[in-house]
Amino acid sequence: MTTRKVRVRFAPSPTGPLHIGGVRTALFNYLFAKKHGGDFILRIEDTDSTRFVKGAEEYINESMEWLGMTIDEGVKQGGDYGPYKQSERREIYKKYADQLVATDWAYYAFDTPEELDALRAQAEAEKKTFAYDMHTRKGLKNSLSLSENEVKQRMEAGEPWVIRFKMPENTEVKTNDMVRGSVTFNTNTLDDKVLYKSADQLPTYHLANIVDDHMMDISHVIRGEEWLPSVPLHIMLYRALNWEDTMPQFAHLPLILKPTGKGKLSKRDGDKGGFPVFPLNWQLEDGIAAGYRESGYFPEAVVNLLALLGWNPGTEQELFSMDELIQLFSIERVNKSGARFDPDKARWFNQQHLVRKSNEELAELFQAELKERGHERENGYVSEVVGLIKERVNFVSELWEQCSFFFEAPVEYDAKVVKKRWKGDVPAFMTELMPVLEQLDTWQADVIKAAIAEQIEAKELGFGLVMNAFRLALVGGGFGPDLMTIAEMIGKEETIQRLKAAVENIG
RNA sequence: GGUCCCUUCGUCUAGUGGUUAGGACGCAAGGUUUUCAUCCUUGAAACAGGAGUUCGAUUCUCCUAGGGACUGCCA
């Protein structure tokens, strides 16, 4: 086998936001390309003029950029194999569509969508299935059944037509899929797919992808399992075009399934399950579809969790950087069966990546929210705070609720904690504690602790009871990092102030 | 319905012709943190079923069942 340069493409159609199944396909293509020192190409498959959605192409680019998948060739990046947008390659497809008709691998068909719908409906009523195929094509309106003259007349009259592939009879088509192994089909069960439509002068996906993959010298086609059934058509197309010797190798990825219930993950599952299905937010007519970015996920966490949906390196390592993934990725280790998406584990991945980030980096991310809340604090202080609490959160957005007391006094006190901890001699003790703290010259955690301990001993009170009440006063609840550290960080005046406020306001 | 694909704990998965079938998420219990979270320990939890091959199948083969995808002038 000659060594061919690895060139793979991610080929989404700009019909809306990219969904994470598509993102994972892109990721596996990217990992495969980089692993083998190859090229990662982004091709826009906009051959359905009726489904074009404004902004979708930009969304795709932005998503790839956010996730750190660098595109080597594409509409924005350029490259030697352009154009990378199918709607700009019309003449190319037309040429090959014509060639297929000329070589008797395809034919013109004039049946309207309405007529075909009617045939399908009729067949269904009889509990049968209608297919435009080798068994029915003779009875339909096409250049195989109509006279040459009539075909000419219809075309000259401007009647819309399509070009359909003339699927040969009884031919075994075998493919050696990189993830599934050998898969065999028989052409007898295949239909005559539309290859080209006169209405918008564009090919359908099938023709376009074969022509482009060939012309762009794509070495491997890595795509979702939903494409497996069209593999025989694609192979026949390569054969018909005489390109079979340079046909790319196929790899069909398992689907990502819904967290619960049946079927593949769909755009709606996110709302129902409370997790994002898209990389970035997407504006809908009636609201927004949540994106991972806006939901607080780190791109590296998304990449990590997606990589492990259907692939694993065979070791017990679960946390990876993009570079490690590139290093370790191998298409042979991709699973065959569909993987259910687990929102809980997705959060866990984010938490793991969050904990691994430096306090400084997290502090910087957190500063935006702090400013919004009116707190201008230097990075050093914020970093220290973040370091104390980062292990309690999954997202940067959860930081505030865990550490607001480092920035402002509690405005209310957790009723449950009040009931449990703020009773008996406690309020009186707190009042007596204030002057003691006031007298401290050194405001450090251990010093404060010693002073309080001494006081507790003198009064013969329970350590736990007092400390929890003290926490309630400083924090407003029964949570947070080490209490003495909190006291030290907010300072002597503030600590006494909060004690005072608690005594006055609770009860 | 037809074609094709798939099947190990609830979920993501490792794994082998002979293993106490391993890990992770989640769940439960205990410990640490004088509290919460983290963390640590422990626990419950799986080879879809049936034949066959074999001294021996979770592993190989076949069948059944279940699940999935496709079945558009969508991609």
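A, B, ... follow the sequence lines: proteins, then strands. Residue 1 opens every chain.
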Scan [X] against the nucleic acid and name what it touches under 4.0 Å (heavy atoms): base, sugar-phosphate only, or nothing.
X: Arg471(A); value: base
X: Lys262(A); value: sugar-phosphate
X: Gly263(A); value: sugar-phosphate
X: Thr112(A); value: base
X: Ala339(A); value: sugar-phosphate
X: Asp111(A); value: base
X: Thr47(A); value: sugar-phosphate
X: Trp161(A); value: nothing
X: Arg333(A); value: sugar-phosphate

May I ask you to decide if the ring planes of [X] and [Y] are parallel, tilted or perpendicular, using 30° and 60° as cut-offs?
X: Phe407(A); Y: Phe366(A); answer: perpendicular
X: Tyr59(A); Y: Trp282(A); answer: perpendicular
X: Phe395(A); Y: Tyr297(A); answer: perpendicular
X: His234(A); Y: His206(A); answer: tilted

Could you work out which one of [options] sits closest to the side chain of [X]?
X: Asp342(A); options: C73(B), C25(B), U38(B); result: C25(B)
X: Thr204(A); options: C74(B), C70(B), G23(B); result: C74(B)
X: Trp348(A); options: G26(B), C5(B), A75(B); result: G26(B)
X: Asp344(A); options: G67(B), C5(B), C25(B); result: C25(B)
X: Ser337(A); options: C70(B), C6(B), G15(B); result: C6(B)
X: Glu316(A); options: C6(B), G23(B), C73(B); result: G23(B)
X: Val183(A); options: C70(B), C4(B), C25(B); result: C4(B)
X: Asp48(A); options: C74(B), C70(B), U35(B); result: C74(B)
X: Glu391(A); options: G68(B), C12(B), U38(B); result: U38(B)
X: Asp191(A); options: U71(B), C74(B), C6(B); result: U71(B)

- Message: Less than 3.5 Å apart, any donor N or O on the side chain of Thr189(A) or Asn186(A) sitting next to an acceptor on the other?
- Response: no

- Message: If you assign each of Phe110(A) and Gly310(A) to its closest nucleotide in RNA chain B, which residue comes earlier from the 5' end?
- Response: Gly310(A)

- Where each residue is assigned the nucleotide of RNA chain B containing its nearest heavy atom, which of Glu318(A) and Arg421(A) is assigned the position nearer the 5′ end? Glu318(A)

Hey, is the side chain of [X] poking within less than 4.0 Å of OP1 or OP2 on [N], counting only N and O atoms?
X: Lys127(A); N: G1(B); result: no
X: Asn312(A); N: A14(B); result: yes
X: Thr315(A); N: G23(B); result: no
X: Asn188(A); N: U3(B); result: no
X: Arg51(A); N: A75(B); result: no
X: Arg347(A); N: A24(B); result: no

Distance check needed: [N] [atom2] versus [X] [atom1], whole Å only.
X: Trp311(A); N: A14(B); atom1: CH2; atom2: P; result: 11 Å
X: Phe185(A); N: U71(B); atom1: CZ; atom2: P; result: 13 Å
X: Phe165(A); N: C73(B); atom1: CZ; atom2: C1'; result: 17 Å
X: Glu225(A); N: C6(B); atom1: CD; atom2: P; result: 8 Å
X: Leu265(A); N: C12(B); atom1: CG; atom2: C1'; result: 14 Å
X: Arg340(A); N: U7(B); atom1: CZ; atom2: C1'; result: 12 Å
X: Met134(A); N: G2(B); atom1: CE; atom2: C1'; result: 14 Å
X: Leu140(A); N: G72(B); atom1: CG; atom2: P; result: 14 Å

Kindly say whether, by distance alone, the side chain of [X] makes a donor-acceptor pair under 3.5 Å with the base of [N]?
X: Arg392(A); N: C36(B); answer: yes
X: Thr129(A); N: G2(B); answer: no
X: Lys264(A); N: A69(B); answer: no

Report the base-pairing partner of [N] (Watson-Crick or G-U wobble, both distances below 3.5 angstrom), or none.
N: A48(B); value: U64(B)
N: A24(B); value: U11(B)
N: C70(B); value: G2(B)
N: G56(B); value: none

Expressed in whole Å, how much space separates the [atom1] atoms belonging to [N] and [M]?
N: U8(B); M: U58(B); atom1: P; value: 15 Å
N: U64(B); M: A28(B); atom1: P; value: 43 Å
N: G56(B); M: A48(B); atom1: C1'; value: 22 Å
N: A45(B); M: G23(B); atom1: C1'; value: 14 Å
N: G18(B); M: U54(B); atom1: C1'; value: 12 Å
N: C47(B); M: C4(B); atom1: C1'; value: 25 Å
N: U35(B); M: G67(B); atom1: P; value: 49 Å
N: U59(B); M: U19(B); atom1: C1'; value: 12 Å

- Kindly give the heavy-atom pair with the smallest separation between Val355(A) and Lys390(A), and that separation in Å. O-NZ, 3.0 Å

- Closest heavy-atom contact between Asn394(A) and Glu398(A)? N-OE1, 2.7 Å

- Query: Ignoring hydrogens and geometry, is there a side-chain-to-backbone donor-acceptor pair from Asp177(A) to His252(A) under 3.5 Å?
  - Reply: yes

- Task: Check for a donor-acceptor pair, side chain of Arg24(A) on one end and backbone N or O of Leu309(A) on the other, with a separation under 3.5 Å.
- Result: yes

- Message: Could you check whether Trp227(A) and Tyr205(A) have their ring centres less than 6.0 Å apart?
- Response: yes

